[in-house]
Amino acid sequence: MTYGTKTAVDGLSLTVETGSITAVLGPNGAGKTTTLETCEGYRRPQSGRVRVLGLDPVAQRRELLPRVGVMLQGQGAWSGVRAMEMLRHIARLHANPLDVDELAERVGLGECGRTPYRRLSGGQQQRLGLAMAIVGRPEIVFVDEPTAGMDPAARRTTWELLRELRSSGVTVVLTTHYLEEAEQLADQVHIIDHGRLIASGSPEELTRGTSATIRLVVDKELPAGAEAALRASVSSWSEQYDIGVRSMSFGSRTLEDVFLELTGRDIEHDRHDA
Amino acid sequence: MTDTTRDAVRLDLAPHPGGAPFARQVLAQASMEARLMLRNGEQLLLAVVVPVLILVGGVTAGEHLSLKLSDPRPLVDIFTPGVIALAVMSTSFTSLAIATGFERRYGVIKRLGASPLPKSGLLLGKILALLCVQLVQIILIGGVGQLLGWTPKAGVLGAVLAVALGTAAFAALGLLVAGTLRAEATLAAANLIYLLLMAGGAVVLPISAYGSFGHVARWLPSGALGEAMRSAFLDGSVAWRDLGVLTVWAVLGTSLTARTFKWE
């Protein structure tokens, strides 16, 4: 996908397992939303091939859409529409919708059902967006940053709901720049940056790595010069035994470490620009 | 809601997808849009309050000042069809343009674009909503007209055709504005064009009141709609020429809109 001369997504190839949760992880501007919108049929790829449930999202959009649930990043409702009214409207467009009252209660919209959309908090708008995405009982849902702007309790509730969708046989594809979200939720994580896929695997695979790992846990903060001294020792050790050191990290190894190694950027740093 | 009650709700999330029948989707969309339009204070002002004020003000002031139009018939019989035409114009053009402009801005059209509702259904829903709102307007304005002594001729065919073609022409032009400009610019342009046409477009007053400009005004969609409505209710006739003018505007507007409209 290119916009003008800027390439947003390039040579990206990934496959999603039915009934799984897949996270597309990356910093802002990495091409997450573009990737999702290409799957949703909003954008036509200049080259390459996209198939969702075996269908072309652009050419066969009308056939595909009723089977897909979409949660956009922000907005998507009339400013004066009441929360429940909006949800009920989307439900009416579907043949076998969920019970809207039960769904509203489940996602925690019970108290703001009569509130106009423009007066909902960011988190409430997110919950309504998620409810609208799943009310039509889709086979696959694409959720763009589902928990952005949610408080921790609402985030847990959302995670539970996404897990419940998976156990009911729904395929979930989400974008996130929260590492914890990908680690907690996803069966498969695809890390993208600058529109390119840079790593794929389960959170365990990504954090484990394929080669031998030596972990050193120390009992205090490193004093000045200690890190440099350790690096020097490791360097002479690796020469002596002819072992290449692929990476060395200080701190606890998490998915974030993987991300930093791969991109050289701090993902959490971008969080507030969303 | 406490967490315990939330946990108690077990939803059957197993996939069971499908779009509702097309007609039901269109009806849902139409009722949603009509409700939003009737609930919005500014839109209601434009749709009902302004036309009723113009009707009452025009008729009473005209009588006090012994306003003479070239048409000798009672002022209320001339004004009421014109005000009905104005109401059709305000809803089909101004209200639709503003609402659609903000729908684009707020991502409503994008969101609905991911629902089972096809674009044709969205358009049909909008037109149906306009017709519903206009029916309410016509009943209210007609009722006020009756109180002022309006005695319409039963030009049903002419009136129905005028509303239908007037709606088509002005809705196409309204979408043309909304689909190309930003929301704020649409708001300004739609109101400005409405005011200009109301004052100089031969919608409320007959073209005979505009002197030589009347020959220009009758080719405007506003003048054509006003004249068609007056023919229907004053003479009980069908103004084919004016309806033809509206048809041309509708075709022109639709083809331009189809070429330029951006859904997002």
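Chain letters run A, B, ... following the sequence lines, proteins first and then strands; every chain starts at 1. As a basis for the values below, the full set of heavy atoms in this structure was taken, side chains included, without hydrogen atoms, waters or symmetry mates.
No hydrogens or angles considered: a donor-acceptor pair under 3.5 Å links the side chains of B:Gln134 and B:Thr167. A side-chain N or O of B:Gln43 and one of B:Ser95 form a donor-acceptor pair less than 3.5 Å apart. Residues A:Thr147 and A:Gln126 bring no donor and acceptor atom of their side chains to less than 3.5 Å of each other.
Contact of A:Arg88 with chain B is not made at all, since no heavy-atom distance falls under 4.5 Å. Contact annotation for B:Leu36: only side-chain heavy atoms (C-beta onward) come within less than 4.5 Å of a heavy atom of chain A. Proximity to chain B (any heavy atom under 4.5 Å) is restricted, for A:Leu98, to the side chain, taken from C-beta onward. In this structure, no portion of B:Leu27 lies under 4.5 Å from any heavy atom of chain A. Only the side chain of A:Arg62 comes within less than 4.5 Å of a heavy atom of chain B; its backbone N, CA, C and O stay farther away. Heavy atoms of A:Ile134 lying under 4.5 Å from chain B belong exclusively to its side chain. With a 4.5 angstrom heavy-atom cutoff, A:Met71 does not touch chain B via any of its atoms.
Taking chain B as the reference chain and counting heavy-atom pairs below 4.5 Å, the highest number among A:Asp99, A:Ile140, A:Val70 is found for A:Val70. The greatest number of non-hydrogen atom pairs below 4.5 Å with chain A, out of B:Gln25, B:His16, B:Arg105, is found for B:His16. Counting heavy-atom pairs closer than 4.5 Å to chain B, the top residue among A:Leu64, A:Asn96, A:Leu65 is A:Asn96. For the set A:Glu40, A:Arg82, A:Met86, the count of heavy-atom pairs under 4.5 angstrom toward chain B peaks at A:Arg82. In terms of heavy-atom pairs under 4.5 angstrom with chain A, the leader among B:Ser31, B:Ala20, B:Ala14 is B:Ala20.
In summary, A:Glu160 and A:Arg155 do not engage in a salt bridge, as defined by a charged side-chain N under 4.0 Å from a carboxylate O. Of the charged side-chain nitrogens involved, at least one lies within less than 4.0 Å of a carboxylate oxygen, so that B:Arg39 and A:Glu85 count as a salt-bridged pair. Between A:Arg137 and B:Asp12 a salt bridge is recorded (basic side-chain N to carboxylate O distance below 4.0 Å). No salt bridge links A:Glu17 with A:Arg166; every basic N to acidic carboxylate O contact stays at or beyond 4.0 Å. Electrostatic pairing of A:Arg156 and A:Glu180 counts as a salt bridge here, judged by a charged N lying under 4.0 Å from a carboxylate O.
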